[in-house]
Novice: 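I'd like to ask you about the structure that follows.
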Amino acid sequence: MDFYKNAGKNRLISPSECGRINGMKRFFATILFVPILIMTMILAGCQTSPFVERSYFAMDTVMTVKYAGDESYLAEIGEILSDLDDTLSTTKKTSLISRLNESGDPITDPNVISIVRKSLEYAKKTEGAFDPTVYPLVKLWGFTTDSPAVPTDEEIAAALQKVGYDKIAVSDSVTTTGAQLDLGGIAKGYATEKLKEYLAEKGVKDALINLGGNVYAMGKKNGVDWQIAVKDPLSENYVGVLSLSDRAVVTSGLYERFFEKDGKKYGHILDPKTGKPVENDFLSVTVVGKNATKCDAFSTALFVMGKEKAISFALKNKIDVLFVTTDGIVITANLEKIFTPSSGYASAKKTVIVW
Amino acid sequence: MVKTRVLVIIAIVLVLLTVVLTVVFLTRNDDGNKVAVISVNGEIIEKIDLSKVAAPYDKEIITEYGKNTLHIEKNSISVSDADCPNRACVASGPARDGIPLVCLPHRLVVTITTEGDVDAVSE
């Protein structure tokens, strides 16, 4: 009964009245709590961003790296990216890959050995839907130039003779038997993994690596998951936004990157088996996973496979995917949980894959 | 009377709330300003607060790589002219949240930053 005495001071109050007074106290406490909470939020919002950021130009695209850590790493990140570009580029005449392609010089560079090993692994796994030896086809169609052209069937057949991942060998060096390498379908993923390693070494926990639209979200942004949008292949908007941490998001899409010849549209993604641009019901393929190299290779491979094969491949290998097809969206259950469609796709037909 | 005291307290709290909320919205507006960050070869050369642009104007950016003309209006920035080979930067339209304006041959990037946006776009 001490409690009632204290609460009521000189008044005698009944237990029910006491409950009302306590209720009012709680009410005021709540009312006062709101401004305090808002104040705290303002103060938290005023903190300066812990992130440093820089854009780089390499691999014929723009790259942006943002991380919470010392500014001095920016220069070294630039070196890592330009070194890889100088080694792997097919457009730079002096790169190790160009020299291998032009004169068959074997390559002993550890980065090349490692990336070619990975390429062969993914080529086997996707039964050649991803193929690092498509360079003769890429060159023939002129996709790396400003003037792409439609080759004749004979020219395509001749180029296909030189295509095939069984024509490369890796031991303590990379050698080819007539094949030419184009690691463009995996180089950005590999570069992402290199940057991840570098940043982790430096003790960086939160970072956003965006290598020309190949995104890796490391850790968090101010304590919350990173918001990574997937570009709409049909407009300048997004398909939706994925909210995630420690995942790569890699998309292969046709977008507006095709050229027209005699009323026919040609996309820039080549099927290594037919030697021609892929024609199927895919508009874009997004792969989400821990390993950026794998996501990079698989996004291209799945695009080449087409919807039916790609769905069974994703199921069998437990890969998280988001497909935009001419007939709506296909998404894995894991991704659906963290995906917010934008208004344009909110009512699109949706197929959910569960593995 | 208890009741008048209660009313006074409620009044004080309401006044406090109003003040706090006003401050919140003012700060929010500042944070939500659309700022265009212009960089060449990775180096930031200028930041423009697009929400404070009174009248549209053009700005030329001339570097060792070439020339781009930026068209700046309230909450919008685009490339209106460029002497690069494919002029993709002109065709791409205004910069949008998460999708920067890029002129690859001229190493020019214009990003728009606003709070609470998408952090990156996978494409």
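The shown structure was predicted, so the numbers you read here are calculated from the model rather than taken from an experiment. Naming: A, B, ... by sequence-line order, numbering from 1 per chain. Below, each value reflects all heavy atoms present in this structure, side chains not excepted, and no hydrogens, waters or symmetry copies.
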Novice: Not counting sequence neighbours, which residues clear side-chain hydrogen bond (donor to acceptor under 3.5 Å, both in side chains) with A:Arg247? List them please.
Specialist: none
Novice: Under a 3.5 Å distance rule, please check whether A:Asp246 uses its side chain to pair with a backbone N or O of A:Gly219 as donor and acceptor.
Specialist: yes
Novice: Please flag which part of B:Arg96 lies under 4.5 Å from any non-hydrogen atom of chain A: side chain, backbone, both or neither.
Specialist: side chain
Novice: I'd like to know which of A:Val62, A:Thr286, A:Leu74, A:Thr251 tops the heavy-atom pair count under 4.5 Å against chain B.
Specialist: A:Thr251
Novice: Are B:Ser92 and B:Leu101 side-chain neighbours, meaning at least one heavy-atom pair lies under 4.5 Å?
Specialist: yes
Novice: Specify whether A:Phe143 and A:His268 have parallel, tilted or perpendicular ring planes, treating 30° as the upper limit for parallel and 60° as the lower limit for perpendicular.
Specialist: perpendicular
Novice: Could you tell me which of A:Val250, A:Ile228, A:Val224, A:Thr64 has the largest number of non-hydrogen atom pairs under 4.5 Å with chain B?
Specialist: A:Ile228
Novice: Can you tell me if A:Thr145 uses its side chain to pair, donor with acceptor, with the backbone of A:Ser147 under 3.5 Å?
Specialist: yes
Novice: Quick check on A:Tyr56 against chain B: is it the side chain, the backbone, both or neither that has a heavy atom closer than 4.5 Å?
Specialist: neither
Novice: Between A:Tyr345 and A:Asn237, do the side chains contain a donor N or O and an acceptor N or O under 3.5 Å apart?
Specialist: no
Novice: Given heavy-atom pairs under 4.5 angstrom as the criterion, report whether the side chain, backbone, both or neither of B:Val102 touches chain A.
Specialist: side chain
Novice: For a 4.5 angstrom cut-off between non-hydrogen side-chain atoms, does B:His106 reach B:Ile61?
Specialist: no
Novice: Taking only heavy atoms into account, what residues of residues 37-45 of chain B are found under 4.5 Å from chain A?
Specialist: B:Ser39, B:Asn41, B:Gly42, B:Glu43
Novice: Tell me every residue that passes side-chain hydrogen bond (donor to acceptor under 3.5 Å, both in side chains) with A:Lys92, counting only those two or more places apart in sequence or in another chain.
Specialist: A:Asp85, A:Asp86
Novice: Could you list the donor-acceptor pairs under 3.5 angstrom formed by side chains in residues 205-215 of chain A, with sequence neighbours left out?
Specialist:
from	atom 1	to	atom 2	distance (Å)
A:Asp206	OD1	A:Lys220	N	2.8
A:Asn210	OD1	A:Gly213	N	2.9
A:Asn214	ND2	A:Asp296	OD1	3.3
A:Asn214	ND2	A:Asp296	OD2	3.3

Novice: What part of A:Thr61 gets within 4.5 angstrom of chain B, counting heavy atoms only: side chain, backbone, both, or neither?
Specialist: backbone
